[in-house]
There are 2 protein chains.
Amino acid sequence: MQTATPRQADQDVTLTLARYLVQARYEDLPPAVIHEASRGLLNWMGCALGAARHETVQAVLDAQTPFFGPPQAQIAGRAQRADILHAALINGISSHVLDFDDTHYRAVHPSAPVLPAILALAEWKRCSGRELVLAYVLGVEAEIRIALSVFPEHYDRGWHITGTAGVFGAAAAAGKLLGLDETRMAWALGIAATQSAGLREMFGSMCKSLHPGKAAQNGLSAALMAQHGYTSSTRALEARRGFGQVMSSRFDPAVITTGLGDSYELLRNMYKPYACGLVQHAVIDGVLQLRREYDLAPEDIEAVHATVGPLVVELTSKPEPRTGLEGKFSVFHALAAALVFGAAGETQFGTAAVLDPRVVALRRRVTTELDPDMRKLEGRVRITLKDGRQLDRHVPEALGTLARPMSDADLEEKFNGLIGDLLPAGRTARLAQACWDVARLPDAGEVARLSAGAC
Amino acid sequence: MQTATPRQADQDVTLTLARYLVQARYEDLPPAVIHEASRGLLNWMGCALGAARHETVQAVLDAQTPFFGPPQAQIAGRAQRADILHAALINGISSHVLDFDDTHYRAVHPSAPVLPAILALAEWKRCSGRELVLAYVLGVEAEIRIALSVFPEHYDRGWHITGTAGVFGAAAAAGKLLGLDETRMAWALGIAATQSAGLREMFGSMCKSLHPGKAAQNGLSAALMAQHGYTSSTRALEARRGFGQVMSSRFDPAVITTGLGDSYELLRNMYKPYACGLVQHAVIDGVLQLRREYDLAPEDIEAVHATVGPLVVELTSKPEPRTGLEGKFSVFHALAAALVFGAAGETQFGTAAVLDPRVVALRRRVTTELDPDMRKLEGRVRITLKDGRQLDRHVPEALGTLARPMSDADLEEKFNGLIGDLLPAGRTARLAQACWDVARLPDAGEVARLSAGAC
């Protein structure tokens with residue numbers, strides 16, 4: 001075999017990635033990566049279940065149910081089953097509806113496009129837990145590397161990278177479960193590339209969670225089509241009219257191919273303790289720390305002032321949110337609700353909390369100040385009390401970041417909180433256990449089946 | 001109601017378009033537009049049926065059949081029926097596989113994304129022929145206006161505009177058939193926008209025809225989701241992070257909103273008489289005219305010399321094609337086959353014709369000469385006969401262009417040629433008649449049902 005020079009490798013980016021995906025084995029995975037896969041699966045499952053009754057999920061079910069094929073795969077948290085393509089779509093949407101799913105430390109919500117695709121496929125094809133874990137790890141690897149090859153320019157232009165890169169993750173992971181050869185894996189990546197889509201203009205509407213849903217569905221479909229001989233370019237990533245150059249002003253192919261197998265992006269994955277965008281977490285963390293330490297009640301508080309980085313101002317400056325969804329894009333609501341309720345979970349970002357008079361009153365006394373030098377996950381808060389005291393807190397890294405990861409126990413608490421009474425007594429614990437034990441399951445579909453709900 | 005200034009209209013591009021789509025009525029359509037809809041339907045149906053047995057269609061059927069829902073809609077030329085979303089996908093692919101479908105005079109293959117979506121929906125919902133015609137006209141209007149708002153920069157960047165703009169056409173047309181209100185129509189356009197995709201890198205692979213297939217399927221799905229309350233931005237076209245600015249370096253919103261209802265882009269639609277790229281049509285036309293007028297036989301011909309524009313040289317210079325697909329990219333084959341068979345339909349671009357010894361012998365005596373000033377659809381040919389005579393023909397505009405449209409009889413001859421013996425005796429004529437009469441059909445689904453095949 002000819003040894004590829006760096007230049008040749010750059011020219012064969014798609015095929016080089018495809019070759020790695022085809023050759024990688026479960027035995028190669030470090031134990032930490034396998035454990036992280038369990039953590040990611042548990043966190044993902046909690047988020048999908050927590051959204052199972054959401055109006056967004058109801059709307060897509062109302063629209064799509066008449067077209068469902070055979071009941072091959074479980075819809076998380078619902079009684080209904082669907083063909084695997086629809087299950088991937090709907091579970092992909094529910095993964096992200098609450099904006100509570102995982103986040104790679106640089107870009108992309110990694111699990112929402114990948115897990116719905118392969119969990120459905122694993123259930124249908126009766127794959128083992130080890131196969132599922134390997135496919136998950138590799139799908140995330142492909143998705144993140146492709147994302148980073150165009151980040152941040154691609155995102156800055158207006159692409160929702162969880163959708164645009166996610167479709168590659170779903171295709172790679174599903175292609176691995178299907179055992180595609182190198183050419184067909186490259187076709188799967190190509191069929192994915194030519195469906196890569198999702199605009200940031202959709203943030204604040206139900207379409208934001210459509211992006212990982214379609215990424216899961218289209219990526220899965222891409223792998224199935226490649227398996228059956230549907231051809232594509234094998235240079236979809238690097239070609240002049242391929243993904244990298246058409247969809248970004250900068251494309252660094254070496255990010256995709258360098259050091260494949262030497263490290264795992266899944267280890268750079270983060271879980272959110274709070275049910276809103278990461279950029280607000282540091283300041284939420286700050287007010288929760290002060291509330292706890294000084295035992296603050298809302299009526300003690302005169303004003304709240306937060307010093308934040310540019311993304312907080314850009315993304316979360318809605319002064320008067322009226323729905324739960326809008327509340328997630330209002331740092332004013334987030335800080336007020338955290339101080340009123342002492343938490344920032346899904347309930348605190350529900351419409352009832354957004355309309356709660358105590359929250360409304362307090363959020364009108366929240367102000368923000370831009371510090372352009374502040375890092376993305378950093379924040380500073382000052383609470384002025386009615387008695388004149390000022391309480392300050394600087395949070396260099398919010399809980400849930402790589403520097404301060406949520407523990408396994410934190411994650412299970414979050415999972416339990418999200419599921420509440422959605423599942424019958426005892427099943428929540430069995431489902432959590434199945435996620436922790438996934439690599440030992442003879443049939444990975446068990447995880448999916450345990451997620452069946454009553455509604 | 002406040003009168004919108006031009007500036008306000010620009011700012012409300014998506015809603016302005018949505019309002020027009022919702023308010024437009026069949027009674028507003030000029031008779032020429034209604035007749036053009038019949039012509040477009042007939043031409044589209046011939047192309048879809050002509051590809052029904054193609055390996056591309058077989059591959060997608062093999063991959064997708066296990067996930068089909070209820071048999072709501074016909075797959076053109078096959079025995080099989082599918083749920084409407086799969087029917088839209090597969091008929092969208094077969095529309096474009098032969099590259100023989102219609103072409104708007106500036107950009108986009110208009111019918112391939114639109115008709116598969118609404119024909120399936122009309123069959124399922126039992127819509128009338130008038131409803132289908134109106135939806136078709138409006139879908140094409142939306143699709144072409146959106147395409148022209150970013151053309152040619154968007155295409156030059158590498159987007160396959162039939163896919164990227166087609167999804168809007170399918171959404172608009174399906175939304176009209178579903179009777180969406182203005183807000184929901186804007187959501188449908190938004191859900192379409194955030195799925196807009198398709199890379200030119202795929203040209204030459206099966207993915208080229210996947211683009212209108214996915215556009216049809218995703219646009220239909222967008223309209224159904226909007227109907228059921230799945231929300232989107234209502235500024236998907238014009239917003240800073242919307243379609244126009246993210247996917248093109250130039251976006252002219254006025255092209256979308258100016259003069260809606262005053263003219264119809266469907267009247268600027270062209271049909272191909274020959275089963276290959278438009279750029280070769282003028283010279284094919286020239287040799288066919290000479291063959292007919294002088295009653296030429298291949299053995300009379302010493303040499304053929306064609307004077308062509310730059311695109312012919314760039315796209316169709318393959319000297320020794322070996323397959324039908326390669327033959328479409330060889331002007332040498334095209335002229336030889338036209339002279340041997342007296343036609344340039346799908347059969348003349350089949351692999352058998354490409355390998356035919358008479359064609360091979362003649363194509364080696366075809367030469368070309370570049371004239372950089374020649375327009376895209378212009379050409380000149382000189383045939384030198386063995387008796388020494390030289391026959392010249394200049395074709396300023398090929399048959400099938402707006403200046404020299406195919407007649408109704410030409411279109412029906414093309415339709416019959418494409419269908420061959422695919423349908424049972426008598427049904428080809430009934431199907432053609434149903435296309436001509438579509439505006440008078442009480443149930444538009446009749447057109448779809450008549451397209452059922454035996455394979």
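What you are looking at is a predicted structure, and each value in this text was computed from that prediction instead of being measured. Reminder, nothing fancy here: chain letters follow the sequence lines and each chain counts from 1.
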J.: Is the shortest side-chain heavy-atom distance between B:Arg78 and B:Gln58 below 4.5 Å?
T.: yes

J.: Do B:His96 and B:His211 make a side-chain contact, defined as non-hydrogen atoms from C-beta onward lying under 4.5 Å apart?
T.: no

J.: Could you report the tightest heavy-atom contact between B:Pro71 and B:Arg81, atom names first, then the distance?
T.: O-NE, 3.2 Å

J.: Does a side-chain heavy-atom distance below 4.5 Å link B:Leu237 with B:Thr14?
T.: yes

J.: Can you tell me which portion of A:Gln64 sits under 4.5 Å from chain B's heavy atoms? Options are side chain, backbone, both or neither.
T.: side chain

J.: Residue by residue, scan residues 166-193 of chain B and write down, ordered by number, those that have a heavy-atom distance under 4.5 Å to chain A; if none do, write 'none'.
T.: B:Gly190, B:Ile191, B:Ala193

J.: Picking from B:Ala226, B:Ala197, B:Ala82, which has the most non-hydrogen pairs under 4.5 angstrom with chain A?
T.: B:Ala197

J.: So which residues of residues 86-95 of chain A are in contact with chain B at a heavy-atom cut-off of under 4.5 Å?
T.: A:His86, A:Ile93

J.: Does any non-hydrogen side-chain atom of B:Val57 lie less than 4.5 Å from one of B:Ile75?
T.: no

J.: A:Phe203: which residues meet the ring-ring contact (aromatic ring centres under 6.0 Å, His included) condition with it, sequence neighbours left out?
T.: A:His160

J.: Non-hydrogen atoms of chain A under 4.5 Å away: do they reach the side chain of B:Thr56, the backbone, both or neither?
T.: both

J.: Give the member of A:Asp83, A:Ile84, A:Leu199 that has the highest number of heavy-atom pairs under 4.5 Å with chain B.
T.: A:Leu199

J.: With only heavy atoms counted, which part of B:Gln72 is less than 4.5 Å from chain A, the side chain, the backbone, both or neither?
T.: side chain

J.: How long is the gap from OG on B:Ser196 to CD1 on B:Ile146, to the nearest 0.5 Å?
T.: 9.0 Å

J.: Check each atom of A:Thr231 against the heavy atoms of chain B and say whether the ones under 4.5 Å are side chain, backbone, both or neither.
T.: both

J.: Please tell me if the side chains of A:Val150 and A:Trp159 come closer than 4.5 Å, counting only heavy atoms from C-beta onward.
T.: no

J.: Which answer fits B:Ser209, side chain, backbone, both or neither, if we ask what part of it has an atom under 4.5 Å from a heavy atom of chain A?
T.: both

J.: Top residue by heavy-atom pair count (under 4.5 Å) with chain A, among B:Val60, B:Leu61, B:Asp62?
T.: B:Asp62

J.: What closest approach, in Å, do A:Arg240 and A:Val246 show between heavy atoms, and which atom pair accounts for it?
T.: O-CG2, 4.2 Å

J.: Side chain, backbone, both or neither: which part of B:Gln227 has an atom under 4.5 Å from a heavy atom of chain A?
T.: neither

J.: Side chain, backbone, both or neither: which part of A:Phe68 has an atom under 4.5 Å from a heavy atom of chain B?
T.: backbone

J.: Around atom CZ of B:Arg250, are there more than 12 heavy atoms of other residues, nucleotides or ligands at under 6.0 Å?
T.: yes

J.: Decide whether A:His154 and A:Thr164 meet the rule of one side-chain donor and one side-chain acceptor closer than 3.5 Å.
T.: yes

J.: Would you mind listing every salt bridge (charged side-chain N to carboxylate O under 4.0 Å, His left out) that reaches into residues 209-233 of chain B, with sequence neighbours excluded?
T.: none

J.: Could you check which of B:Cys207, B:Gly204, B:Pro70, B:Gly158 has the highest count of heavy-atom pairs closer than 4.5 Å to chain A?
T.: B:Cys207

J.: Measure the shortest side-chain to side-chain distance between A:His109 and A:Asp99 over non-hydrogen atoms and say whether it is less than 4.5 angstrom.
T.: yes

